[in-house]
Undergrad: 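Mind having a look at this structure? Questions to follow.
Letters A, B, ... are given to chains in the order of the sequence lines, protein chains preceding strands, and every chain is numbered from 1.
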Number of protein chains: 2
Amino acid sequence: MIDIAIFDEHKLVLDGLSVLLSGISDIRIILSCDNRSVLTEKLKSMQIHVLILNMHDISVRNLNLIVQLNISSPKLKILIVSVIDSEEIVLKTIKAGAKGFLGKDSDRNSLLEAIYTLRNGHDYYSKSITHLLLNRYISSLKADDVNQNTDMTSLSSRQIEILKLWGESYTNQEIAERFFISVRTVESHKNHIMQKLNLKSTVDMVKYAIKNNIIEI
Amino acid sequence: MIDIAIFDEHKLVLDGLSVLLSGISDIRIILSCDNRSVLTEKLKSMQIHVLILNMHDISVRNLNLIVQLNISSPKLKILIVSVIDSEEIVLKTIKAGAKGFLGKDSDRNSLLEAIYTLRNGHDYYSKSITHLLLNRYISSLKADDVNQNTDMTSLSSRQIEILKLWGESYTNQEIAERFFISVRTVESHKNHIMQKLNLKSTVDMVKYAIKNNIIEI
DNA sequence: TTTTCCCTTACGTGAAACACGTAATTGCAT
DNA sequence: ATGCAATTACGTGTTTCACGTAAGGGAAAA
């Protein structure tokens, strides 16, 4: 018997995924959840084998969720379901500690296959993902420390504050006034951000901030 | 009997949604599809009452899909399912011709309710959405021409070309060289873009370009 | 047909932002 | 204690932005 938890921000999709698994005799859905903090809380007191996590967007929040769950529930295997399947993003979830990834080519059978595979202690990536990762060394990635930089922790809080305001179209002058610092300092912070993240232009910086949910589109 | 088509780019979610509707006696799922062009083609030769469209992102592509389906199949009612529920986005889908919107607070019952409501010729918006739209005049919006500007057509092709390169972190100088024009002209184009779209900063311009799929994140 | 409107091209000028380097102070961690 | 990163800030030169002006071309409307 495999005990499953499912998380999806969209109730409808959550219900859909639940129903897909409801007929299987050796799979038991223990928890079906659309709230992040409820999920974290409940998982602490439960012995779940596999968590199915539908990620609508790859944000720092979501990646951190994976990292934290891996710490608080080391036995839990996390299976990512997502339409997003760029190489970068798959790698990030794996680094964060996910044990499987189902891209948008996956169907119900892949889902079941993935659950059994994860339960048996192995990893599962759907075909399109495996193809993506062919030239990468997944194992070497996984050998790294989970807490290693995946861009998540690399910006300081001050840098994020400034990036946030700038991402809301504040001018350097306005940011400087807001924080009672010099315009030159604001420039410095931005320079440091770009150096640190190896960004080539401010356009890249906007993209980075959006990708990491620091600013909203 | 209500004939339904379901579209979702993610097979797994598609299957989930299908299963949610499979037990209902007066609902018949005619088409279950994860490919945009297949969907467009098949809908032409079918008499579908309600199309359930799961939008993972609100792009020009997706909005145009709605517009086009409304033209090619005027009787078809389009029901949007999406985790994205910002006011702007809901308004855009309504402008494009969607007849219903299920936000992430919706469950199976809302889905059924929405389908019946749409079949009866009325619109359906889930609670969170209705709340969003309280102060807006949905009806007046809908009275407008579907082809009215939703920002999609307002930029000239030259302006888009320049926006694209700039969105890939090209400098004005590089863009100028690429097109054999002066740097000042590139600046002019950007000025005109910002004036036309009433953007306050380049950050806004990046966001605009991303929202409208002119540049990739 | 002439007028009107938008697109594309381009410049002038002053302000703001960027690139790159340097550097002092603070605070945390090894 | 010593090192490393964060925060603050400036110098200097280049690039981009903001706003105005403007000429030439083409398409559509009057």
Undergrad: Can you sort out the partners of Val183(B) under side-chain contact (heavy atoms from CB on, under 4.5 Å), two or more places apart, ordered by chain and number?
TA: Asn172(B), Gln173(B), Ala176(B), Glu187(B)
Undergrad: What pairs with Asp3(A) under side-chain contact (heavy atoms from CB on, under 4.5 Å), at least two apart in sequence or on another chain?
TA: Met1(A), Arg28(A), Ile30(A), His49(A)
Undergrad: Excluding sequence neighbours, so at least two apart, what forms side chain to side chain donor-acceptor pair (under 3.5 Å) with Ser37(A)?
TA: Asn35(A)
Undergrad: Can you give me the first and the last nucleotide of DNA chain C (5' to 3') that has an atom within less than 4.0 angstrom of a non-hydrogen atom in chain B?
TA: dC7(C) to dT13(C)
Undergrad: Going by side chain to side chain donor-acceptor pair (under 3.5 Å), name the residues that satisfy it together with Lys196(B), two or more places apart in sequence or in a different chain.
TA: Gln159(B)
Undergrad: So if I take residues 163-180 of chain A and measure heavy-atom distances to DNA chain D, which residues fall below 4.0 Å?
TA: none
Undergrad: Quick test of your reading: applying salt bridge (charged side-chain N to carboxylate O under 4.0 Å, His left out), list the pairs with at least one residue in residues 160-176 of chain B, sequence neighbours left out, ordered by first then second residue.
TA: Arg158(B)-Glu161(B)
Undergrad: May I ask you to verify if any side-chain N or O of Thr202(B) is less than 4.0 angstrom from the OP1 or OP2 atom of dT16(D)?
TA: no
Undergrad: Restricting to salt bridge (Lys or Arg N to Asp or Glu O under 4.0 Å), what partner residues turn up for Lys44(B), sequence neighbours left out?
TA: Glu41(B)
Undergrad: Would you classify Arg158(A) as touching base, sugar-phosphate or nothing, given that sugar-phosphate means primed atoms plus P, OP1 and OP2, and contacts are heavy atoms under 4.0 Å?
TA: sugar-phosphate
Undergrad: Counting any heavy atom closer than 4.0 Å, what does Thr185(B) reach on the DNA or RNA strands: base, sugar-phosphate only, or nothing?
TA: base
Undergrad: Please list, chain by chain and in numerical order, all residues satisfying side-chain contact (heavy atoms from CB on, under 4.5 Å) with Asn54(A), sequence neighbours excluded.
TA: Asp8(A), Val13(A), Leu17(A), His56(A), Val81(A), Val13(B)
Undergrad: Where each residue is assigned the nucleotide of DNA chain C containing its nearest heavy atom, which of Val183(B) and Asn191(A) is assigned the position nearer the 5′ end?
TA: Val183(B)
Undergrad: Side-chain N or O of Lys190(B) versus OP1/OP2 of dC17(D): is the shortest distance under 4.0 Å?
TA: yes
Undergrad: How would you list all residue pairs meeting salt bridge (charged side-chain N to carboxylate O under 4.0 Å, His left out) that involve residues 31-40 of chain A, not counting sequence neighbours?
TA: Glu9(A)-Arg36(A)
Undergrad: Estimate the overall bend of the helix from dT1(C)-dA30(D) to dT30(C)-dA1(D) from the end axes over five pairs each, rounded to 10 degrees.
TA: 40°
Undergrad: Identify, with sequence neighbours excluded, every residue that meets side-chain contact (heavy atoms from CB on, under 4.5 Å) alongside Ala114(A).
TA: Leu79(A), Leu102(A), Tyr124(A)
